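This structure is a prediction, so every number in the text was calculated from the model and none was measured. In what follows, every heavy atom counts, from backbone to side chain, and hydrogens, waters and symmetry copies are set aside. Reminder, nothing fancy here: chain letters follow the sequence lines and each chain counts from 1.
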Protein chains: 2
Amino acid sequence: MSPTPSALAFVPFVSVDNMMKIVHSIGLNEVLKEMVGYIEHDFRRWELFDKTPRVASHSKEGVIELMPTSDGEVYGFKYVNGHPKNMSEGFQTVTAFGVLARVDNGYPVLFSEMTILTALRTAATSAMAAKYLAPKGARTMAMIGNGAQCEFQALAFQAVLGIDTVQIYDIDPQATEKAARNLADSGLKVIKCSTPHEAIEGAEIITTCTADKQYATILTDNMVGPGVHINAIGGDCPGKTELHRDILLRSDIFVEYPEQTRIEGEIQQLADDHQVTELWEVVSGTAKGRSSEGQITLFDSVGFAIEDFSALRYVRDQLSRTGFFTELDMVADPDDPRDLHGMLRRAQ
Amino acid sequence: MSPTPSALAFVPFVSVDNMMKIVHSIGLNEVLKEMVGYIEHDFRRWELFDKTPRVASHSKEGVIELMPTSDGEVYGFKYVNGHPKNMSEGFQTVTAFGVLARVDNGYPVLFSEMTILTALRTAATSAMAAKYLAPKGARTMAMIGNGAQCEFQALAFQAVLGIDTVQIYDIDPQATEKAARNLADSGLKVIKCSTPHEAIEGAEIITTCTADKQYATILTDNMVGPGVHINAIGGDCPGKTELHRDILLRSDIFVEYPEQTRIEGEIQQLADDHQVTELWEVVSGTAKGRSSEGQITLFDSVGFAIEDFSALRYVRDQLSRTGFFTELDMVADPDDPRDLHGMLRRAQ
């Protein structure tokens with residue numbers, strides 16, 4: 001039962017490069033499908049998680065957030081920024097990294113890039129929600145907003161729901177061209193649209209994913225017919241929404257964590273007591289998802305710490321499967337834990 | 001003015017090994033003195049910082065905390081755990097790491113180990129407070145609790161205040177032996193004591209730094225004479241204190257951030273409106289520090305995010321001075337920031 005201090009001093013690190021290698025060695029479609037399983041598993045045990053709204057530091061240019069959670073055995077958090085103006089200056093709008101640690105002794109056990117991983121988990125979460133909320137047999141999705149998240153959404157809905165057609169639109173035609181190019185060999189039929197109206201024509205699922213940090217109206221009320229599922233992922237902070245309020249009033253609304261969504265989601269436009277359903281209750285079978293053909297379902301998604309936790313758990317489980325990680329000398333680990341100063345002295 | 005994406009993808013990382021090299025290349029005493037300067041600078045501009053109590057995840061074994069802050073240009077946070085039982089199992093009680101990032105675009109600019117750095121900044125903060133609070137000409141310090149923090153405290157008080165004698169005591173004589181051994185060539189006169197009473201005999205400064213996660217009474221009221229400065233750093237979470245309540249009632253109490261200290265510090269034993277002075281007001285000259293010879297001053301220190309921020313700033317400024325860092329591929333940085341998927345595809 002002697003501890004092995006030298007091993008404890010090192011924490012597995014998944015760089016951007018290794019994250020890409022993990023994804024390619026398993027296959028992107030397979031990763032998205034497997035990640036849906038991890039997220040679903042954690043939504044089923046939602047009640048045992050330590051939940052807290054994210055800790056946000058707002059500035060005029062954007063926001064930096066810490067998103068912690070714990071299942072009682074493992075603790076995880078993500079650092080993530082959101083800076084809408086970054087794109088025009090050659091930076092990512094969103095970058096992220098995250099950590100898993102042991103609750104029993106506080107030692108980190110995984111440090112990982114999460115810019116790519118957040119894109120994957122956001123797409124996987126959307127697809128998981130749509131399993132319970134989208135109309136049966138949906139084959140066509142509208143994608144409004146063709147930024148960094150667009151292709152991941154399209155591929156996740158293809159892999160998990162069997163979508164075969166995406167109708168894509170962006171205010172910037174170059175973004176649409178980029179997405180069409182990237183999806184060219186995906187097996188999806190990709191239709192480039194020049195108006196939002198054209199994009200939603202005949203679509204059973206409408207995904208909105210735009211990045212303006214302002215109240216915007218990407219969808220107006222008359223654009224949304226009965227029976228569709230709206231996957232609204234772009235509105236995710238105070239003052240940033242995408243849907244006209246009247247759409248919300250006609251929809252059955254599903255959210256991750258109401259305390260957070262009422263501040264950051266589309267429903268910040270509604271009264272604080274407007275009825276919403278928590279997605280975990282649908283996944284665990286205690287609340288209904290889609291219950292009629294004509295119903296408009298809305299997943300008002302802002303992203304929650306438990307999804308990042310699931311994604312980090314997934315990555316942790318791929319370390320030995322793929323071998324794509326390095327080890328970081330992140331934790332000082334003297335032979336005698338009280339002798340930190342002695343360790344420092346001896347290193348001289 | 002074109003951005004240089006490839007450089008942005010990499011974040012300077014200071015490992016435990018490189019942190020020790022930075023300290024040794026500059027000299028521990030010099031590092032402690034310089035760090036006092038950084039902390040003092042940030043205490044003087046305290047009001048412009050974004051302050052929030054740390055975000056703690058408590059379990060029966062300990063606590064994991066995130067401590068964020070920002071000065072409007074730079075954002076920083078620390079991950080730190082506190083697990084008192086770790087020591088008996090061969091683990092560090094406290095391990096930590098931290099990050100600095102740009103507020104304007106959210107990109108991380110430094111990732112650093114902070115187990116050693118927290119020990120340094122805690123000692124530097126104690127010494128900085130004592131500059132304003134300890135009796136003039138103090139030469140003898142009692143150190144009760146001879147764990148990982150002990151030697152750093154002694155050396156910081158030597159470097160910054162000119163202490164020449166430390167009287168050390170721990171409930172475990174082996175801890176005292178360890179500290180005496182490490183301080184043997186420090187130039188300090190080290191007196192090993194077998195009772196707390198012996199340790200405080202003649203000391204103008206009393207530092208308490210024990211790690212039990214419980215209400216304890218390391219100092220009773222009759223042990224503390226007039227005119228001393230008490231530097232209480234061991235009590236730092238709810239239910240964990242070191243001083244008898246009657247000592248607090250006789251002392252002028254100085255704290256970092258009252259909202260946090262009332263929950264975590266010695267003053268959790270007092271009424272919520274008990275008068276305390278914020279240390280930053282003393283440092284910036286708007287409140288009095290020590291004002292009479294007979295006064296008992298108490299720095300009820302629990303550690304605050306701004307001190308970590310100062311310490312990370314200090315490390316950042318040593319990167320080019322010492323060259324002791326590596327670069328981590330932490331941030332996905334595609335040529336076109338919207339083309340995250342294309343970057344992933346092209347890596348295949």
If you count every heavy atom of other residues, nucleotides or ligands that lies below 6.0 Å from A/K192 atom NZ, does the total exceed 12? no
Return the CZ to CE distance between A/R346 and B/M20, rounded to the nearest 0.5 Å. 10.0 Å
What part of B/M114 gets closer than 4.5 Å to chain A, counting heavy atoms only: side chain, backbone, both or neither? neither
Chain A contact via B/S70 - side chain, backbone, both or neither, heavy atoms under 4.5 Å: side chain
Please classify the contact of B/A179 with chain A as side chain, backbone, both or neither, using a heavy-atom distance under 4.5 Å. neither
CZ/B/F111 to CZ/A/F111 distance, rounded to the nearest 0.5 angstrom? 3.5 Å
If we define contacts as heavy-atom pairs under 4.5 Å, which of A/R181, A/E113, A/M87 has the most with chain B? A/M87
Which of parallel (below 30°), tilted (30 to 60°) and perpendicular (above 60°) describes B/F91 and A/Y107? perpendicular
Considering all heavy atoms, the nearest A/L66-B/P68 contact: CD1-CB, 3.9 Å
So does B/R338 pair up with A/D172, basic N to acidic O under 4.0 Å? yes
Can you see which heavy atom on B/L340 is nearest to which on A/A119, and at what distance? CD2-CB, 3.8 Å
Which pair of non-hydrogen atoms, one from B/D104 and one from A/E61, has the smallest distance, and what is that distance? O-CB, 3.5 Å
What part of A/V331 gets within 4.5 angstrom of chain B, counting heavy atoms only: side chain, backbone, both, or neither? both
Contact class of A/V23 relative to chain B, heavy atoms under 4.5 angstrom: side chain
Chain B heavy atoms under 4.5 Å from A/V80: which part of the residue, side chain, backbone, both or neither? neither
In terms of heavy-atom contacts, B/P108 and A/T95 come closest through CD-OG1, 4.4 Å
Going through the distances and angles, do A/L344 and B/M19 end up as a side-chain contact (heavy atoms from CB on, under 4.5 Å)? CA-CA 9 Å; A/L344 179 61; B/M19 184 62 75; over 6 Å; no
Among A/G72, A/S25, A/S57, single out the residue with the greatest number of heavy-atom pairs under 4.5 Å to chain B. A/S57
To the nearest 0.5 Å, atom NZ of B/K85 lies from atom CG of A/N105 at 5.5 Å
Distance from B/L328 atom CG to A/S15 atom OG, nearest 0.5 Å? 8.5 Å
Between chain A and each of B/D17, B/V94, B/T326, count heavy-atom pairs under 4.5 Å; write down the option with the most. B/D17
To the closest 0.5 Å, what do you measure between CG (A/L120) and NE2 (B/H341)? 9.5 Å
Taking atom CG of A/L48 as the centre, does the number of heavy atoms from other residues, nucleotides or ligands within less than 6.0 Å exceed 12? yes
Determine, stepwise, if the pair B/V16 / A/M343 fulfils side-chain contact (heavy atoms from CB on, under 4.5 Å). CA-CA 11 Å; B/V16 174; A/M343 183 183 85; 4.0 Å; yes
Close side-chain approach of A/Q92 and B/P334, heavy atoms under 4.5 Å: yes
Nearest non-hydrogen partners of B/H83 and A/V103, listed with the distance: NE2-O, 2.8 Å
Give a yes or no on whether A/E327 atom CD has more than 12 heavy-atom contacts from other residues, nucleotides or ligands under 6.0 Å away. yes
Could you tell me which portion of A/D329 (side chain, backbone, both or neither) has an atom closer than 4.5 angstrom to a non-hydrogen atom of chain B? both
In Å, rounded to the nearest 0.5 Å, how long is the span from OH of B/Y79 to OH of A/Y75? 6.5 Å
If you compare all heavy atoms of B/G106 against all heavy atoms of A/I64, which two are closest, and at what distance to 0.1 Å? CA-CD1, 4.0 Å
Most chain B-contacting option - heavy-atom pairs closer than 4.5 Å, from A/N182, A/N81, A/T115: A/N182
Aromatic ring pairing B/F77/A/F77, orientation class (parallel under 30°, perpendicular over 60°, tilted between): perpendicular
Within a strict 4.5 Å, meaning less than it, do heavy atoms of the A/F97 and B/V99 side chains meet? yes
With a 4.5 Å heavy-atom cut-off, do B/L28 and A/R345 have their side chains touching? no
Give a yes or no on this: more than 12 heavy atoms of other residues, nucleotides or ligands lie within 6.0 Å of atom CD of A/E30. yes
